[in-house]
Number of protein chains: 2
Amino acid sequence: MGKSDQDLSTQIAQVLREAILTGQLMVDERLPSEAELAETHGVSRPTIREALKRLAAQSLIRTKRGAAGGAFVNQLRYEDAYRDQITTSTLLLSMNAIDFETACEARFALERACLPLATQRRTPDHLARMRAEIAAQGQEGLSDEGFCASDVAFHRAMVDAAGNPVLSYQLAGAVEAMQPLMNMITFTARNRSEIITRHQYLTDALEGNDTARAEAEVDLLRDYTIKLGQDVKAQRDERSAG
Amino acid sequence: MGKSDQDLSTQIAQVLREAILTGQLMVDERLPSEAELAETHGVSRPTIREALKRLAAQSLIRTKRGAAGGAFVNQLRYEDAYRDQITTSTLLLSMNAIDFETACEARFALERACLPLATQRRTPDHLARMRAEIAAQGQEGLSDEGFCASDVAFHRAMVDAAGNPVLSYQLAGAVEAMQPLMNMITFTARNRSEIITRHQYLTDALEGNDTARAEAEVDLLRDYTIKLGQDVKAQRDERSAG
DNA sequence: GTCTTAACAATTGTCAGACATTTAAATGTA
DNA sequence: TACATTTAAATGTCTGACAATTGTTAAGAC
């Protein structure tokens, strides 16, 4: 009646993970030492260590050396969760051949969901952050990567304006994971000008508490971005054909 | 000028992770054997193994035993990403004392984002799935947990109706991570009836391609769910005070 | 008595070597 | 050719040891 045919370290990690998820092990509580865990689970210390490394990789525990050291249940922080979500989303997009249009559609649909809240709750600080990024996007000599990075920062500020940390967390993946895809686009001066105009009107709409206008601008931005992606694709196809 | 003050296994895992993320290691490509990695990095095999377990915990690699075995770059699957996202979201909600209202607000805002696409693309199959869950929700003797599970399944079908896998992935976390919070609510017959009515009208709206109506129903559902949460909280406060 | 310093103990981090287990491929045989 | 056997390569696991870190405690200086 063995658990399964998996590694011992996988099984043990699963047991400990359950204990954390169900609250049997509370935040900041100390796990037994590696030697104790080895004894109670009837395995050697390296096996226990491999199990603990698995949990550490998921930010479920942290370890400290020394006398009062050991493995402690980690309070999962938003920053850790953000980071994980972004790398996971990035990998999903790159490894599963998600086309640009699908990713764009999802991104802007999610951002649109923030607008009703953002128009209610945006503070002067949010508006200032957005306008600062707009200014950065208009600067001469800005690289395409720099433009994309500023674009992400602009939208991040917009999402934060909704004042809901859960929304911010969920959208971090969607927005930032798009950046590698966006970086494939070459932005002409005219492209940038069009996008900056949308950003300006969008910021104005938030400032004026005009949800409908903001939604319309996001829709325009989505359509324009998808069109840019299609143009790049068409150019690439043409070049490979000619 | 050492790399940093972190574990060797952490550093090595980071190097390998970068190689995978940047595409230097392609999907299904085989990593060097543990012995080779140990030699090239100048560390022992256990240290290499700990590094590999970290990557395995993030579903970045899979390992196979035997002659042609080894560690291979894993194609990140949606199911794996779902699972990780749900546990992460659940932990975030439980460990960071996110209140019910904030979580609810985020969940329904995100679902609302799917509606324009869902009204365009819903198939008879999606509608059938939704109606099946509505039927399940009306059954006598259904536990509160069962009701919540069916509620999640209903909304999952609705999200899938948008026909965008990226959206489905992003929302899996938001919707399913809410379930533990939802399970804290005790649903009276009248509560259930109200929710089922909303579900029916929502499904009707999708069938009739009426986005505005669907959005209105989601808003009602959000408000009603938040109200239920507030009632539970009020009762609990009253009991502890009395 | 108090402060400083040194020894100590507990714990994680790392290493070396060995053996067990699994699996694909090579080899041998009918 | 088809099937059984051997072999080699790789991961999985164990044992035992030592290094590095850090809190505690005891000793000693003033």
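Side-chain atoms are counted along with the backbone in the values below, which use heavy atoms only and exclude waters and symmetry mates. Here the structure is a predicted model, which is why all the values come from computation and not from measurement. Reminder, nothing fancy here: chain letters follow the sequence lines and each chain counts from 1.
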Residue A:E34, side-chain atoms from C-beta onward, closest of C:dT23, D:dA10, C:dG13: C:dG13
- prompt: Should the ring pair A:F108 and A:H155 be called parallel, tilted or perpendicular, given that the plane angle runs from 0 to 90° and is split at 30 and 60?
  reply: perpendicular
statement: Smallest heavy-atom separation, B:R30 atom then B:G69 atom, equals NE-O, 2.9 Å
- request: Starting from P on C:dA25, measure out to CZ on B:R65 and report it in whole angstrom.
  value: 18 Å
- prompt: Taking CD from A:Q6 and C1' from C:dT21, how many angstroms apart are they, rounded to a whole number?
  reply: 17 Å
message: In whole Å, I'd like the distance from the CD1 atom of B:I61 to the P atom of D:dA10.
response: 16 Å
task: Compare the minimum distances between each of C:dT14, D:dA8, D:dC14 and the side chain of B:E50, then state the nucleotide with the smallest one.
output: C:dT14
- line: note: A:E39, atom CD; C:dA10, atom C1'; distance rounded to Å ~ 16 Å
message: The side chain of A:R49 is closest to which nucleotide in this list: C:dT14, D:dG23, D:dA8?
response: C:dT14
message: According to side chain to side chain donor-acceptor pair (under 3.5 Å), who are the partners of B:S44, at least two apart in sequence or on a separate chain?
response: B:T47
query: Picking from D:dT11, C:dA10, D:dC14, which would you name as closest to the side chain of A:S44?
result: D:dC14
task: Indicate whether OP1 or OP2 belonging to C:dC15 is found under 4.0 Å from a side-chain N or O atom of B:T47.
output: yes
- line: In whole angstroms, the gap separating P of D:dT21 from CZ of A:R62 amounts to 20 Å
query: Of all the choices, C:dG13, C:dT23, C:dT14, which nucleotide is nearest to the side chain of A:T63 once you look at every atom?
result: C:dG13
query: Ion pair present between B:R121 and A:E105, side-chain N to carboxylate O less than 4.0 angstrom?
result: yes
statement: Out of C:dG13, D:dG12, C:dA10, minimum distance to the side chain of B:D7 belongs to C:dG13
- prompt: Would A:D99 and A:K233 pass as an ion pair if we require N to O under 4.0 Å?
  reply: no
Separation of C:dG13 C1' from B:Q11 CD (nearest whole Å): 12 Å
- prompt: Among the nucleotides D:dT15, C:dA16, C:dT11, which one has an atom lying closest to any side-chain atom of B:P46?
  reply: C:dA16
message: Expressed as a whole number of angstroms, how long is the span from B:K53:NZ to C:dT14:P?
response: 17 Å
query: Relative to the 5' end of DNA chain D, which residue comes earlier, A:A68 or B:A35, by the nucleotide with the nearest heavy atom?
result: B:A35
- prompt: From the list C:dT12, D:dA8, D:dT13, which nucleotide is the closest neighbour of the side chain of A:L8?
  reply: D:dT13
B:I12 CD1 - C:dG13 C1' separation (whole Å): 12 Å
field: Base D:dG16 paired with A:R45 side chain (donor-acceptor, <3.5 Å)
entry: no
